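Read the structure below first, then the notes.
All ligand and atom numbering here is 1-based and tracks the order in the structure. Everything numeric in this text was worked out from a predicted model, so none of it was measured.
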Amino acid sequence: MMSSGLCRSLVSLLALGGIPSFSWASPLKVDIDARADSWPYGPLVTSGRDIKNTRGQNVVYAGTNWPGHGEVMIPDGLRYQSIETIVSKIKSVGMNAIRLTYAIQMIDEIYSNNGKDTTVKDSFTKALGQTNGPKVYSEFLAKNPSFNDSTTRLQVFDAVAAECAKQNIFVHLDNHMSKAAWCCSTNDGNSWFGDRDYNVENWTRGLSYMANHGKNWPALTSMSLRNELRKPDSNPTLSSQSYNWRDWYTNIKKGTSAINSANPNLLIFLSGLDFDTYVTPVVQGTAFTPGSDKFKAADFQGYTNKLVLEIHNYQNSASNCNSLKSSLYNSGFQALHADDSKAVNVFPVLLTEFGFDMTGSAWQGTYATCIASYLAEQKAGWFIWVISGSYYIRSGTQDFEETWGLLKHDWSDWRSSAYIEGGLKPLVKATAQG
Ligand SMILES: *[C@@H]1O[C@H](CO)[C@@H](O)[C@H](O)[C@H]1NC(C)=O
Ligand SMILES: *[C@@H]1O[C@H](CO)[C@@H](O)[C@H](O)[C@H]1NC(C)=O
């Protein structure tokens, strides 16, 4: 794919006055220049607590989650709106990033099918049935007429990434589940390395596949390892023998290596235990119990400046902002503070999920306002859960209404314009543009 940056480099060559004379070496040179001299000014790297672009500027993601890990395995909302409309909506309020989720099952199926991805048409029918599948598929085509019966699921992801590149929206690609479905519970078979549906080799293969595939997405700047690791309650043996920081460290090293070897340009986000609510042993450099190993930069040789921490927070019933803030600090944000002697390992830290019901006044309550003021104070990146006004299917219910969605059921407009004006836009301003 030709990036707009490449075009711009050619234009500036022409503007310099001569007809450019191409030698064998020049296309390579133009390509390297294009990387550094045009959005997203990547590859991004970390420097202490910050993410930097090639211009040395801080990059702070301020964005929203966009699920694509449900049973249909394509990004949600496209039966109601076009990709361009949804990305434009995100852009219109100043957000600069999406956390785009996918399931490992999609890649497993590509491998089972001799490298061929399933068509969107078949995927709708498989997930929604013989009656609703074709109906929803025709709605999808009506809103997104550039697609057709041979369009595959990954081609839809490609189109989302391409539109994001066009509108300068960073794509952070998140492995949300192994088996495509609503996430998460401790007994859904996807909770921990080695759980029923969570085969570690399939997982690392899927991470590599997407990291490599994503080389064609100029907007892709980072990937996560796995959403919300959690106790495998349906597997007591695994739970007692393996659900701990020691096995976490063993497995996340496999994951980071899979991504970095496939695509060394990407930042890699590490998530913690208990639904990714804390990463404290990484920050404080304490032993990964029951082992004695500690976080070591040497375990990530060659890409220590690619690692970022992420946590989630859903303490929606918080009534005391100071205690919520200290909880956020102790759970991970401490890593932003090199001046804290307990922050042995300094990293950028992002809140990749938080959210609340958009139908009422929760946005004015303690939780929502406290999270916003904390992110502003910390100048930290974030992704709100969630853009979806509805899902193709969630937990067995088709066309599931998402009251936490920034958008209305038909993804046409904001669910709470009061929040967008009074909460979200100020938050964007105080973080990404702060
Ligand atoms: C069908 O859509 C895909 C992309 O989704 C595109 O690559 C292909 O050219 C289209 N085919 C036709 C016949 O339009
Ligand atoms: C791993 O992928 C293979 C296809 O390559 C698939 O048959 C198998 O079911 C997957 N394992 C799990 C646990 O999903």
Side-chain angles (χ1 to χ4, degrees), residues 1-2 68-79 81-87 100-127 134 136-166 175-185 187-214 216-217 225-227 229-230 232 234-235 237-239 242 247 251 254-255 258 262:
M1 175 181 297
M2 192 181 209
H69 66 278
E71 287 84 344
V72 184
M73 290 177 257
I74 67 165
D76 257 298
L78 303 178
R79 64 183 290 187
Q81 303 297 333
S82 70
I83 291 172
E84 186 187 1
T85 301
I86 297 166
V87 174
L100 182 62
T101 73
Y102 68 96
I104 294 294
Q105 185 185 340
M106 176 169 72
I107 298 103
D108 288 347
E109 288 175 357
I110 292 171
Y111 276 97
S112 300
N113 196 24
N114 298 318
K116 254 188 83 199
D117 190 11
T118 310
T119 63
V120 174
K121 182 170 190 253
D122 287 349
S123 197
F124 269 117
T125 295
K126 214 167 157 201
V136 175
Y137 173 63
S138 68
E139 294 170 9
F140 162 88
L141 278 185
K143 289 291 176 186
N144 294 276
S146 68
F147 295 134
N148 56 62
D149 287 1
S150 53
T151 299
T152 63
R153 298 173 298 188
L154 261 182
Q155 286 179 321
V156 180
F157 279 89
D158 291 344
V160 168
E163 185 60 34
C164 285
K166 206 165 141 196
N175 171 225
H176 216 68
M177 289 283 273
S178 286
K179 189 178 168 65
W182 177 250
C183 187
C184 309
S185 87
N187 51 25
D188 63 8
N190 284 257
S191 61
W192 187 251
F193 314 103
D195 203 0
R196 185 192 63 220
D197 296 324
Y198 191 169
N199 177 284
V200 173
E201 279 73 44
N202 287 35
W203 171 65
T204 52
R205 181 180 67 175
L207 293 176
S208 291
Y209 187 95
M210 292 306 283
N212 183 53
H213 185 83
N216 296 318
W217 300 356
L225 293 179
R226 181 71 164 198
N227 179 61
L229 294 161
R230 54 200 176 273
S234 54
N235 191 336
T237 309
L238 184 69
S239 181
S242 173
D247 285 22
N251 285 294
K254 294 180 193 165

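In this structure, the protein non-hydrogen atom closest to atom 7 (O) of ligand 1 is Gln155 NE2, 3.9 Å. Nearest to atom 14 (O) of ligand 1 among the protein's heavy atoms is Asn148 ND2, 3.3 Å. If you check which protein heavy atom lies closest to atom 10 (C) of ligand 2, you get Asn202 ND2, 2.4 Å. With respect to atom 13 (C) of ligand 2, the closest heavy atom belonging to the protein is Asn199 CB, 3.6 Å.
Using modelled atom types and a 3.5 Å distance limit, the side chains of Thr118 and Asp122 yield no donor-acceptor pair. No side-chain donor from either of Tyr209 and Asp108 sits under 3.5 Å from a side-chain acceptor of the other.
Annotation for ligand 1: atoms under 4.0 Å from non-hydrogen atoms of Phe147 are 5 (O).
The shell of residues lying under 4.0 angstrom from ligand 2, judged by heavy atoms, includes Ser112. By the 4.0 Å heavy-atom criterion, Arg205 is counted among the residues contacting ligand 2.
Proximity of the aromatic rings of Tyr102 and Phe157 is defined here by a centroid distance below 6.0 angstrom, and this criterion is not met.
For atom 5 (O) of ligand 1, a protein non-hydrogen atom is found at a distance below 4.0 Å.
Relative to the six-membered ring of Tyr198, Arg226 meets both conditions, a distance below 6.0 Å and an angle of at most 45° to the axis.
By the 30° and 60° cut-offs, the orientation of the rings of Trp217 relative to His213 is perpendicular.
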side-chain hydrogen bond (donor to acceptor under 3.5 Å, both in side chains) between Ser178 and Asp197, intermediate numbers included: CA-CA 6 Å; Ser178 286; Asp197 296 324; over 6 Å; no

